[in-house]
Number of protein chains: 2
Amino acid sequence: MNLKSLAEALGLSQTTVSRALNGYPEVSEATRQRVMEAAQRYSYTPNSRAKGLATGRTMMIGQVIPTTLKHEMVNPVFGDFVAGASQALSEHGYDMVFTRVPDIDESRIYREFNARRVVDGVILQGPAISDTRIPLLNEIGLPFIVHGRSSGVSEPYNWVDVNNRRSFERATQFLIDLGHRRIALLNGLDHMDFAFRRRQGYLDAHADSAIPTDPALMHSEEMTEEYGHRLAVSLLASEDPPTAFLCASMIAALGVRRAIQEAGLRMGPDVSVITHDDDLSYLKNGSDMPIFTATRSSVRQAGELLAESLVQLIKDPSVVPIQKMLEAELVVGSSTGPAPKRT
Amino acid sequence: MNLKSLAEALGLSQTTVSRALNGYPEVSEATRQRVMEAAQRYSYTPNSRAKGLATGRTMMIGQVIPTTLKHEMVNPVFGDFVAGASQALSEHGYDMVFTRVPDIDESRIYREFNARRVVDGVILQGPAISDTRIPLLNEIGLPFIVHGRSSGVSEPYNWVDVNNRRSFERATQFLIDLGHRRIALLNGLDHMDFAFRRRQGYLDAHADSAIPTDPALMHSEEMTEEYGHRLAVSLLASEDPPTAFLCASMIAALGVRRAIQEAGLRMGPDVSVITHDDDLSYLKNGSDMPIFTATRSSVRQAGELLAESLVQLIKDPSVVPIQKMLEAELVVGSSTGPAPKRT
DNA sequence: TTCTTCACTCAAAGCGCTTTGAAATTCGAT
DNA sequence: ATCGAATTTCAAAGCGCTTTGAGTGAAGAA
C-alpha cells in the first residue's frame, strides 16, 4: 500500500492525503480523520527512502567504526553507550546505523555520508588527541557530536564528556591522603584523549602534594582483563612495588584483583585499587557496598545525553556549540585502605 | 554533484553514465574509462536513497532491539557479535541499522521495515522458546536469519547457532567424571532458547550417569556479575553446597569466583567452575593457560558467519534454509579439579 | 446579484537514480 | 551501394513521496 493507492481508495489526491498525514493545517479536520483512519486500516506506512528523497531527511544517525581498531566496537563500554544513545534517538524517531570501514577510508566515508545523504548526523567515538576527524567533519558540514573531547583541536565542536582529569585527580588525591606514595596508573591507549586527561589528573594530584612520579608505574594499553592482570603481576613482583593501583576500567581492574589474589595479598588492606567505573549494566560494581572504590559515571547516561543533543543540533544547527561536561562521583568501596606500613 | 550534472559535464546521457558506473556491458570500454575518471575527479557518489528507491535495495541490515529488554544491547556478548557481523556485512557493502522499540511494538516494526523498505534483511537476536517473531517474519516475507534457534517453532527458518545442548552436556559430564555429584547450574533467563538447551544438556548428562538433579541447584537469571556472586554466596552457604558450578557466561563466572574467594575457598581444588566462554576480546579467558575451564565458542565468528549467510540469502532467496550449527570446544583450565572428598 | 475571501483540494513538478525501449552509428557482408 | 546485425547512446518512464502554485466551491460583503 502506497500513497497513491491510499489516495485512490479514499477518492482524494495524494497531496491531500500527504498533508493530512503530516499534520498540515490546509486540510479540514474531518478529512484528516478520514485519512488517518484509512491509513490505519490499510496499515499504510510511508516508504522512508522516498520520503527521505523528497525531504532530504533520513532519520538516521551514523557511527563509523574503523575496522582495524577493533576496540571500539567490542569494548563492553560501547554496548552500554549505544544502548543509551539509541534509546534517546528512538524517542525522536531516529535509528542508528553502523558502518565499518578500513582505517584509511574513514575520512572518505564521512564525505560519502554527506554526499549520499545517508545520515542526518554523526556520532564520533573515541577521539584521539588532535583528532583529525573533527576538522574534517566541520569542513564537510555534516552535523556531529563527539563522545569525549580532543585536546589540540582549537576549532569549536560539539561534545559530551566526563571530567576525566578531575576525577582521576580526585582518585589519586584520595590514595595520597591514605598514605600511598607509589601509585600505579593503568591507563587506556596513549593517543586516546581520555587517557591523556586521566594521566593529567594523576600527575596534577602528585604535583599538588609534591610527590614524585615514577614512569615505571605509568602504563597505557587496551583495557582488557588480561592487560590488568599481566601488568599487576609484574608490578607486584618488582623491586619497589606500588601500594595502590589506579585503573581506567573495571575490566582491567578485575585483572588487577586477580593478580593481587594470586600473589596472596588482599585487595584493600594490602593493596589498594581504584578504578573508573562506567556503570555497565552487566558489570555492576556492587549495588549495596561497592567492591571497588571507583570514579563512577554512567556511560549509558552519557549516550542518552549525547543523542539528545545531536537531535537538537540537527533540528536547529544554529545553536551554539553544545558542550556538556559530566562529573564522575567518587564512591568508596572496600578495595582501598591506608597504605600498609613499610616493613 | 549528481548524476545529471556529471552527465552534462561529460556530454553524455544519464543512462550511459549510470551504465558505465554500474558495469553494464552496453557501454564501450573507452567511454567507461572516461566516465570513471570524471566521477573520480568530481568525487561523485550516488545518493543512496535515490538509488534505493530506484532499485529496491537499501544495503542495510536491520536489528530490532526491544527497549524494555535492555539486556540484548548492553550484554557484552552483543558487542562482539555485532563486531563480527558488521565486519562481514561491510565487506559486501551493507551497513547495520539498529532500531529500538518498546516491546509491544516489535511486530509492528518488522512490518514497517518491510513496508518502508528500510532494510534488505533482518538479524534476529536472542530467540525465546516458541518465538513468535519467526512466524511473523516468515509471513511478512522479509529475509531474516536468527542468531540461535527457537524450540517449538516448526516452520523452517534460517539460523546460526552453537550446539548449546551438547556443549553443556559435555561440560557436565566432565564434572561428573571428576567425581562431582552436586553441580550448580547458573543459567540464562528461563524463556531464552539457549538457556533451555543448556539445561537439557545438563539434565541429559545427569540422566546418562543416573545422577539425580536437585532443583535447588538450578537457577536462571540475567547473566550479570552480581547474579553469579549472589547466587554462589547463597549456594555455598547452604546445607548441602554444590562442589561445582556450571555457568552460562564468563561475567557470571567472575561473580562466582569472587564468592568462592570470599568464602575462603580456592577455585579448582575446593570448588570447580566451568563457564561458557564467548571468547570476548575484552574478557579473554587467559591466552596461555585458561583461567576457567570452559566451553568456548567465538560469538564474533558466529556473527561473521551469520552475516555472510544473510547476504547470501538476500542475493538468492531460493536457497534452502541456511542452518549452521557451531560446536563449542571444551578447554580445560585451572578452575576445575576432582570433587573434594566429603568430610 | 456580483465580487472577495477563505477553506479545501488538486495536478504536476521535482528529489536522484535505474531501466526500458527506441534510435543512431558502425561495420562487415552481400 | 545496400542491408542487417551488432554496438553504442539516448529520451523518457518510473520508484513513492513532498511541495508549489493554481483551482474550486462556499460563505460573506457590497
Side-chain angles (χ1 to χ4, degrees), chain A residues 1-39 42-60 93 95 111-120, chain B residues 1-39 42-60 93 111-120 315:
Chain A
M1 174 59 72
N2 57 17
L3 226 209
K4 192 173 170 190
S5 28
L6 181 64
E8 272 168 12
L10 279 160
L12 291 174
S13 77
Q14 293 190 42
T15 315
T16 309
V17 176
S18 170
R19 291 217 153 117
L21 256 23
N22 292 311
Y24 279 68
E26 298 92 334
V27 50
S28 76
E29 209 38 57
T31 310
R32 188 190 309 283
Q33 283 306 328
R34 209 156 63 84
V35 171
M36 291 292 218
E37 195 249 310
Y42 295 119
S43 68
Y44 161 79
T45 345
N47 177 313
S48 26
R49 268 203 312 290
K51 191 162 179 164
L53 187 54
T55 58
R57 284 277 179 114
T58 66
M59 301 316 276
M60 296 253 178
D95 290 339
R111 290 186 190 282
E112 268 197 37
F113 263 177
N114 203 42
R116 292 166 51 203
R117 288 281 124 89
V118 82
V119 297
D120 292 341
Chain B
M1 173 61 71
N2 57 16
L3 226 211
K4 191 170 169 193
S5 28
L6 181 64
E8 273 167 14
L10 279 161
L12 291 174
S13 76
Q14 293 190 41
T15 316
T16 308
V17 176
S18 170
R19 291 217 154 120
L21 256 22
N22 293 311
Y24 280 68
E26 297 93 335
V27 50
S28 77
E29 207 40 55
T31 311
R32 189 190 308 282
Q33 283 307 327
R34 210 158 63 85
V35 171
M36 291 292 217
E37 195 249 309
Y42 297 119
S43 68
Y44 162 78
T45 343
N47 176 313
S48 26
R49 267 202 312 291
K51 190 162 181 165
L53 186 55
T55 58
R57 286 272 178 120
T58 66
M59 302 313 276
M60 296 252 178
R111 291 187 191 281
E112 268 197 34
F113 263 178
N114 202 40
R116 291 166 51 201
R117 287 283 124 90
V118 82
V119 297
D120 293 341
K315 218 175 270 168

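Here is the naming used below: chain letters follow the sequence lines, and residue numbers restart at 1 for every chain. The structure displayed is predicted, hence computed values, not measured ones.
- In the set C:dT18, D:dC17, D:dG16, D:dC17 carries the atom at the smallest distance from any side-chain atom of A:Y44.
- Protein atom CG of B:N22 is 17 Å distant from nucleotide atom P of C:dG16, rounded to whole Å.
- To the nearest 0.5 Å, the span separating CD on A:E8 from CG on A:L3 amounts to 11.0 Å.
- As judged by a 4.0 angstrom heavy-atom cut-off over every strand, A:S28 is placed among residues touching the sugar-phosphate backbone only.
- Using a 4.0 Å heavy-atom criterion, one finds that A:T31 contacts the sugar-phosphate atoms exclusively.
- If you take CZ of B:R49 and P of D:dT18, they are 12 Å apart, rounded to a whole angstrom.
- Between the CG atom of B:N2 and the C1' atom of C:dG14 there is a distance of 12 Å, given to the nearest Å.
- Note that CE of B:M60 is 10.0 Å distant from OG of A:S48, once rounded to the nearest 0.5 Å.
- Ranking D:dC17, C:dT18, C:dT9 by closeness to the A:A54 side chain, first place goes to D:dC17.
- Side-chain atoms of B:Y24 lie closest to C:dT19 of the nucleotides D:dT9, C:dC15, C:dT19.
- Between the NZ atom of A:K4 and the C1' atom of C:dA11 there is a distance of 13 Å, rounded to whole Å.
- Checked against D:dT18, D:dT9, C:dC17, the side chain of B:E26 finds its nearest nucleotide in D:dT9.
- Following rounding to the nearest Å, A:K51 (NZ) and D:dT18 (P) show an atom-to-atom distance of 5 Å.
- A:E29 places its CD atom 14 Å from the P atom of C:dA7, with the value rounded to the nearest Å.
- To the nearest 0.5 Å, the span separating CG on B:N2 from OG1 on B:T45 amounts to 11.0 Å.
- Judged purely by atom type and a 3.5 angstrom limit, A:D120 uses its side chain to pair as donor or acceptor with the backbone of A:M59.
- Residues from residues 5-16 of chain A that place a heavy atom under 4.0 Å from any atom of DNA chain C, listed by number: A:G11, A:L12, A:S13, A:T15, A:T16.
- Using a 4.5 Å heavy-atom cutoff, the side chains of B:V118 and A:R49 are not in contact.
- Here the C1' atom of nucleotide D:dG16 and the CG atom of B:L53 are 6 Å apart, to the nearest Å.
- Using a 4.5 Å heavy-atom threshold, the side chains of A:L10 and A:V35 count as touching.
- Here the P atom of nucleotide D:dT19 and the CG atom of A:L3 are 12 Å apart, to the nearest Å.
- Interatomic distance, OG of B:S18 versus NZ of B:K51, reported as 7.5 Å (0.5 Å rounding).
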